[in-house]
Colleague: 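Structure below; questions to follow.
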Amino acid sequence: MPRRSDPPATKRRDRETAGDMDEQRERAAYDVVAAQEKWRPVWEKLNPFQAADDGSKERRYALTMFPYPSGDLHMGHAEVMALHDVVARYWWQRGYDVMNPIGWDSFGLPAENAAIKRDEHPATYTYANIETQAESFRRYGISFDWSRRLHTSDPEYYQWTQWLFLRFRERGLAYRKHSPVNWCPNDQTVLANEQVVQGMCERCGAEVTKRELSQWYFKVTDYAQRLLDDMEQLEGRWPERVLAMQRNWIGRSEGAHVDFDVKLHPGTDGTTEPDPVRTVRVFTTRPDTLYGATFMVVAADAKLASEVCAPDRREALEAYLEEVRKETDIDRLSTERPKTGVDLGVVAVNPVNGEELPVWAADYVLADYGTGAIMAVPAHDQRDLDFARAFGLPVRRVIDTGEDNPEESGVATTGDGVYVNSGDLDGLTDKESGIGRIIERLETDGRGKGTVNFRLRDWLLSRQRFWGCPIPVVHCDSCGEVAVPDDQLPVELPDLRGVDLKPKGVSPLAAAEEWVNTECPQCGGPAKRDSDTMDTFVDSSWYFLRYCSPGLTDGPFDPEDVRRWMPAHIYVGGVEHAILHLLYSRFFTKVLHDMGMVDFVEPFSTLMNQGQVINRGKAMSKSLGNGVNLGEVIDEYGVDAVRLTLVFAGPPEDDIDWADVSPGGSLKFLQRAWRLSGDVASAPGVDPTAGDEALRRVTHRTVHEAAELVESRRFNVMVARIMELVNTTRKAIDSGCGPEDPAVREAVEAVAILLSLVAPYTAEEMWERLGHQPTVARAGWPQVDESLLVEDTVTAVVQVQGKVRARLEVPPSISAADLEQQALADPAVVRFLEGKTVRKVIVREPNLVNVVAP
RNA sequence: GCCCCCGUAGCCCAACGGCAGAGGCAGAGGUCUUAAAAACCUUGCAGUGUGGGUUCGAGUCCCACCGGGGGCACCA
């Protein structure tokens with residue numbers, strides 16, 4: 001990466017020989033490596049970033065998504081932290097009391113897999129990595145408050161994860177059920193829906209299969225509507241696309257439940273008994289097409305299918321099920337897949353017209369969405385139409401949209417049109433009234449009602465792995481499922497390592513007999529501990545609350561502490577957590593709100609997603625060989641240059657292509673800025689008001705704009721403004737007011753403070769050379785003199801027909817009438833107006849006049 | 001298929017509906033030097049993906065299309 005022409009990060013100090021001292025001071029580059037070593041201990045001693053939390057200043061909570069401790073920091077971490085730190089350090093400079101905590105999401109699979117390979121305890125690997133990362137963060141100069149540090153794998157932390165789990169369980173929000181679940185054959189554990197991407201395990205990429213298991217769930221579906229509604233508070237403060245993704249994921253659909261009677265033995269003759277009937281409920285978003293239903297479809301893998309199946313069709317259903325089960329999600333995902341299914345040999349009675357419809361089982365209907373059964377309206381639903389055509393089932397159009405008849409065209413029509421063949425709906429022309437009327441009728445008849453359905457499923461939280469938070473429940477033969485009493489928490493992990501951790505399809509914990517076999521807290525009899533652990537997303541769903549009360553021993557957090565700091569003012573992290581982590585954290589917050597433990601419903605006021613660091617157009621990866629090693633880049637250019645490069649590369653949310661940026665250029669700029677500090681020839685504390693006014697204007701405007709730019713999170717533009725100020729100051733020194741002018745000191749001090757948000761080492765070096773005590777990080781934001789923001793004169797542009805024809809130097813306070821008069825009197829303008837009639841003059845004082853004269 | 005975001009100079013990117021260019025990278029020229037490097041100075045080549053529209057005025061607002069990225073997807 002480093003180019004031949006890039007300046008070296010390290011310059012030998014001993015080259016500054018006495019003879020050329022002046023020359024050297026002006027030209028030399030400062031020693032980046034030495035500066036990094038020099039300031040760390042100073043900062044650690046000063047401890048400038050510990051939240052005071054004494055109410056003397058307004059509080060700000062700067063939160064960054066805590067890291068997972070696999071290996072050392074990489075470019076991704078470097079980017080988030082650099083961006084995040086701009087905000088945190090800005091708040092410090094503005095005089096807020098800032099809480100900027102750090103911790104580790106330290107349970108999880110990678111550590112466990114690594115431990116198995118090395119035949120050691122996952123904790124050994126995990127905590128070693130944490131130390132490495134912590135050291136890197138310190139070197140990287142992030143303004144963390146280390147006193148609040150936490151690790152989710154510490155018993156002191158997960159005790160409260162367990163405690164929260166028990167509270168959720170008491171409220172019916174954590175429950176166990178037996179059902180088919182996503183199973184990763186590679187990691188040998190179940191996965192949440194959210195962890196299955198395109199039919200693959202999100203983590204390892206293995207093809208996900210299904211298994212029937214008893215598993216713990218959080219009832220996040222109870223909160224679906226609130227998760228949706230409360231997004232209103234986030235509008236404009238969270239990235240639109242994250243909100244869109246969450247909305248998408250929650251997947252609200254309005255529609256209706258319709259009850260069909262299914263006759264279980266249709267056509268049986270020679271008996272006087274009425275047919276046994278079973279009511280089957282379907283969910284539809286288009287109840288208005290009920291007259292167009294020509295068959296019913298039940299999810300083949302739903303219990304319902306075998307329950308309603310006619311005896312003589314049972315064999316066919318079993319055979320079909322066999323086939324379906326062999327399919328993976330991958331098969332199911334492939335589009336244009338031919339429809340398959342089997343006739344169940346029974347009929348359903350359409351509640352609005354008494355028609356008997358055949359009932360089929362198929363895999364295009366999902367068992368776990370809606371009721372697992374649908375009414376099929378082939379004319380107006382493409383999937384149903386494909387199915388009808390595959391099996392020769394009838395198609396009946398009930399909305400005439402003016403398009404081709406679906407029966408012939410093979411294309412279902414879904415738009416508005418005139419209702420036909422639909423009883424009293426006939427003649428209506430819009431969907432809303434059709435839907436309204438049919439729901440009204442169904443409700444009157446007791447055959448259905450308007451309802452809402454969500455795509456969101458409950459959150460499967462059990463994992464059959466070792467390195468996670470144990471589920472604090474015991475299973476007793478006589479008492480059943482019993483919660484571990486609070487005073488016996490935490491349920492600590494046993495000391496397993498190496499081969500004992502190998503995935504066997506059941507949790508490794510189940511094999512730790514001494515641990516598993518316990519006493520029932522209720523009856524004292526023999527019982528077994530639940531041997532599953534929790535999804536690590538449970539750990540991370542509340543860590544931001546724990547930061548407010550680090551080390552608290554009698555609760556997960558103190559509601560008073562949380563009230564002072566939360567909701568977090570800004571949350572910075574990758575968009576890869578747009579759904580999972582953020583949805584779960586929002587869910588936890590709402591539950592805690594209902595428990596009276598927090599007084600807000602949304603945990604993160606503002607969300608900032610940073611882009612990814614890629615290289616040559618592609619994500620960095622070992623196989624592509626395009627990885628960029630953070631440590632090496634820092635060794636080459638220094639921490640500040642790397643941070644500056646990442647902040648300056650573009651808007652925070654955009655991806656950064658490492659091939660497009662220039663850390664060498666960043667270093668060069670930092671050296672330029674640093675050299676300014678050696679040129680300042682006035683003493684600290686000199687009164688700047690007597691200084692060069694032109695330079696002072698630039699300084700004050702830059703400081704003013706920088707604040708606005710940080711607050712609107714346009715950090716790249718802020719850096720550009722600092723560069724401008726550096727360039728202007730350079731010129732002032734070399735060919736303007738000269739180094740003794742107090743305005744130069746004012747400018748350079750401003751540069752140091754502004755730079756402290758991005759390049760703390762360089763800023764500190766500058767501050768020291770300017771004759772100040774450390775630390776520049778707490779120097780305070782420069783006071784802006786408002787009067788210097790107002791220019792003496794501004795350039796007004798005069799346009800004729802939208803084209804610039806003249807420029808006028810006018811006072812900023814000029815009136816519209818004066819400006820118009822001056823503009824029309826300008827010789828150039830007069831020339832362009834010759835022979836034309838002025839129809840209209842638009843004046844935007846003091847900047848612009850546009851003369852309309854066609 | 002549905003939904004969302006983005007197209008400005010060779011490149012990364014700025015630009016309250018008002019002079020298309022702030023900053024950087026790369027390039028060119030120069031100062032210094034025996035020479036080179038470093039440092040410093042000078043230098044802007046596109047009319048904003050395409051076509052319409054609104055407006056006195058559009059990179060910016062609206063519509064359509066093209067291109068790129070992302071999310072969801074047999075969710076009834």
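What you see is a predicted model, and the numbers here were worked out from it, not measured in a lab. Chain naming here is simple, since letters A, B, ... match the order of the sequence lines and numbering starts at 1 in each.
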Colleague: Work out how far the P atom of B:A15 is from that of B:G51, and round it to whole angstrom.
Modeller: 25 Å
Colleague: Remember a base hit wins even if backbone is also touched, and classify A:Glu724 as base, sugar-phosphate or nothing at under 4.0 Å, heavy atoms.
Modeller: sugar-phosphate
Colleague: Check whether any side-chain N or O of A:Asn716 sits under 4.0 Å from OP1 or OP2 of B:C12, and answer yes or no.
Modeller: no
Colleague: Taking the side chain of A:Asp660 as heavy atoms from C-beta outward, which of B:C13, B:C40, B:C11 is closest to it?
Modeller: B:C11
Colleague: Give every pair of a protein N or O atom and an N or O atom of nucleotides 51-61 of chain B that lie under 3.5 Å apart, one pair per line with the distance.
Modeller:
| unit_1 | atom_1 | unit_2 | atom_2 | d |
| --- | --- | --- | --- | --- |
| B:C56 | O2 | A:Asn850 | ND2 | 2.3 |

Colleague: Any strand counts, and the cut-off is 3.5 Å on both contacts for Watson-Crick or G-U wobble. Which nucleotide pairs with B:G27?
Modeller: B:U43
Colleague: Among B:A14, B:C4, B:C72, find the nucleotide with the atom closest to the side chain of A:Arg241.
Modeller: B:C4
Colleague: So what does A:Phe648 touch, heavy atoms closer than 4.0 Å: a base, only the sugar-phosphate, or nothing?
Modeller: base
Colleague: Table please: side-chain donor-acceptor pairs of residues 841-848 of chain A below 3.5 Å, with sequence neighbours left out.
Modeller:
none

Colleague: Check this for me: does any side-chain nitrogen of one of A:Asp259 and A:Arg281 sit under 4.0 Å from a carboxylate oxygen of the other?
Modeller: yes
Colleague: Report, one line per pair, each donor and acceptor closer than 3.5 Å where one atom sits in a side chain of residues 708-725 of chain A; sequence neighbours left out.
Modeller:
| unit_1 | atom_1 | unit_2 | atom_2 | d |
| --- | --- | --- | --- | --- |
| A:Glu711 | OE2 | A:Tyr90 | OH | 2.4 |
| A:Ser712 | OG | A:Glu708 | O | 2.9 |
| A:Ser712 | OG | A:Leu709 | O | 3.4 |
| A:Ser712 | OG | A:Arg714 | NE | 3.2 |
| A:Ser712 | OG | A:Arg714 | NH2 | 3.4 |
| A:Arg721 | NE | A:Glu705 | OE1 | 2.7 |
| A:Arg721 | NH1 | A:Glu724 | OE1 | 3.3 |

Colleague: Which residues satisfy the salt bridge (charged side-chain N to carboxylate O under 4.0 Å, His left out) test with A:Asp368, sequence neighbours excluded?
Modeller: A:Arg457
Colleague: Taking side-chain hydrogen bond (donor to acceptor under 3.5 Å, both in side chains) as the definition, give me every residue that meets it alongside A:Asp386, ordered by chain and number, with sequence neighbours left out.
Modeller: A:Gln382
Colleague: Let me check something: any side-chain donor-acceptor pairs from residues 290-298 of chain A under 3.5 Å, sequence neighbours excluded? List them with distances.
Modeller:
| unit_1 | atom_1 | unit_2 | atom_2 | d |
| --- | --- | --- | --- | --- |
| A:Tyr291 | OH | A:Arg441 | NH1 | 2.7 |
| A:Thr294 | OG1 | A:Pro394 | O | 2.8 |

